[in-house]
Amino acid sequence: QVQLVESGGGLVQPGGSLRLSCTASDIVLMGSYTAWYRQAPGKQRELVAEMSRGGDSYYVGSVKGRFTISRDVTKNAMYLQMDSLKFEDTGVYYCNVQQMYWGQGTQVTVSS
C-alpha cells in the first residue's frame, strides 16, 4: 500500500525558510511524476510545484524563484525548499505522486 509521509511544516516569520519532506513507501519516486500542492484557508487546493518523470520542474508564478522542488533517489523522498516566505504562503501543503497518491498534509503558517 502506497504511503506518503510528510514533515517539515511549522510556524515561520515572513522572509523565513522551511523545508518540507515527503517520504514514500511502496512506490518509487525516481521516474515518477511528483508535485506539491497547498490549500489556503477558504480556498481550493492548488498546484505549487511539480517535477516531471524526467526531472523537469514547474512552479506556479507566485512561488517561482522562492521555492525549489527536488527528489532524493537514495531516500525515496521528495522535498520542497521554501525561501522568502510570505503571509500568502500559509496553508496546508500536500505531496502528490503520479497524480494519484497524497500525503496527509503539513501545516505551514507564515506570521509575524
Side-chain angles (χ1 to χ4, degrees):
Q1 183 176 353
V2 174
Q3 278 195 314
L4 302 176
V5 179
E6 300 183 38
S7 61
L11 173 65
V12 63
Q13 291 185 339
S17 297
L18 283 174
R19 187 191 192 212
L20 306 184
S21 300
C22 175
T23 302
S25 58
D26 286 342
I27 189 168
V28 177
L29 296 187
M30 176 69 173
S32 295
Y33 168 88
T34 55
W36 288 93
Y37 286 72
R38 71 183 173 197
Q39 187 164 18
K43 295 187 177 182
Q44 289 188 331
R45 193 175 298 187
E46 63 171 351
L47 176 68
V48 173
E50 63 183 2
M51 183 172 280
S52 70
R53 296 172 63 184
D56 296 324
S57 56
Y58 162 83
Y59 302 91
V60 67
S62 60
V63 309
K64 196 174 294 184
R66 300 189 297 120
F67 289 12
T68 304
I69 187 172
S70 61
R71 295 193 290 240
D72 186 326
V73 173
T74 61
K75 297 181 179 179
N76 203 35
M78 56 188 286
Y79 305 97
L80 185 68
Q81 177 67 40
M82 305 186 294
D83 299 316
S84 303
L85 282 160
K86 303 178 180 180
F87 293 118
E88 52 264 39
D89 293 320
T90 293
V92 180
Y93 283 71
Y94 299 88
C95 58
N96 175 276
V97 178
Q98 300 289 48
Q99 296 178 310
M100 290 176 58
Y101 306 105
W102 294 92
Q104 81 281 10
T106 186
Q107 176 70 45
V108 172
T109 302
V110 183
S111 175
S112 55

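Side chains are part of it too, since the values below use all heavy atoms of this structure and drop only hydrogens, waters and symmetry mates. Model, not experiment: these values are computed from the prediction.
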Testing the basics here: between Leu85 and Met82, what is the closest heavy-atom pair and its distance to 0.1 Å? CD2-CB, 3.8 Å
Please tell me whether Thr34 and Arg71 have a donor and an acceptor in their side chains that are separated by less than 3.5 angstrom. yes
Across all chains, not counting sequence neighbours, the side-chain contact (heavy atoms from CB on, under 4.5 Å) partners of Val28 are Met30, Asn76
If I compare all heavy atoms of Thr90 with all of Val110, which pair ends up nearest, and what's the gap? OG1-N, 2.9 Å
For Tyr33, enumerate each residue passing the side-chain hydrogen bond (donor to acceptor under 3.5 Å, both in side chains) test, keeping only those at least two apart in sequence or located in another chain. Glu50
When clusters are formed by joining ILVMFWY residues with side-chain heavy atoms under 4.5 Å apart, either directly or through shared neighbours, do Val2 and Met100 land in the same one? yes
Which residue pairs pass the salt bridge (charged side-chain N to carboxylate O under 4.0 Å, His left out) test when at least one of the two sits in residues 91-104, sequence neighbours left out? none
Any residue meeting side-chain hydrogen bond (donor to acceptor under 3.5 Å, both in side chains) with Asp89, in chain and number order, not counting sequence neighbours: Arg38, Arg66
List in chain and number order the residues that pass side-chain hydrogen bond (donor to acceptor under 3.5 Å, both in side chains) with Gln107, two or more places apart in sequence or in another chain; answer none if no residue qualifies. Thr109
Listed by chain and number, what are the ring-ring contact (aromatic ring centres under 6.0 Å, His included) partners of Tyr101, not counting sequence neighbours? none
Rounding to 0.5 Å, atoms OH (Tyr94) and OH (Tyr37) come to a distance of 13.0 Å
Listed pairs under 3.5 Å, donor-acceptor, residues 4-23 side chains, sequence neighbours left out:
{"residue": "Glu6", "atom": "OE2", "partner": "Cys95", "partner atom": "N", "Å": "3.0"}
{"residue": "Glu6", "atom": "OE2", "partner": "Gly105", "partner atom": "N", "Å": "3.1"}
{"residue": "Ser17", "atom": "OG", "partner": "Asp83", "partner atom": "OD1", "Å": "2.7"}

So if you build clusters from Ile, Leu, Val, Met, Phe, Trp, Tyr with side-chain heavy-atom gaps below 4.5 Å, do Val48 and Val92 land together? no
With sequence neighbours excluded, what pairs up with Ser111 under the side-chain hydrogen bond (donor to acceptor under 3.5 Å, both in side chains) test? none
Considering only distance and modelled atom types, tabulate donor-acceptor pairs under 3.5 Å from the side chains of residues 55-62, sequence neighbours left out.
{"residue": "Tyr59", "atom": "OH", "partner": "Ile69", "partner atom": "N", "Å": "2.9"}

Which atom pair, heavy atoms only, marks the closest approach of Tyr79 to Trp36? O-NE1, 3.2 Å
Applying the 4.5 Å side-chain criterion to the ILVMFWY set and letting contacts propagate, would Met51 and Leu80 be lumped into a single cluster? yes
The complete set of disulfide (SG to SG under 2.5 Å) pairs with one or both residues in residues 32-88, sequence neighbours excluded, reads none
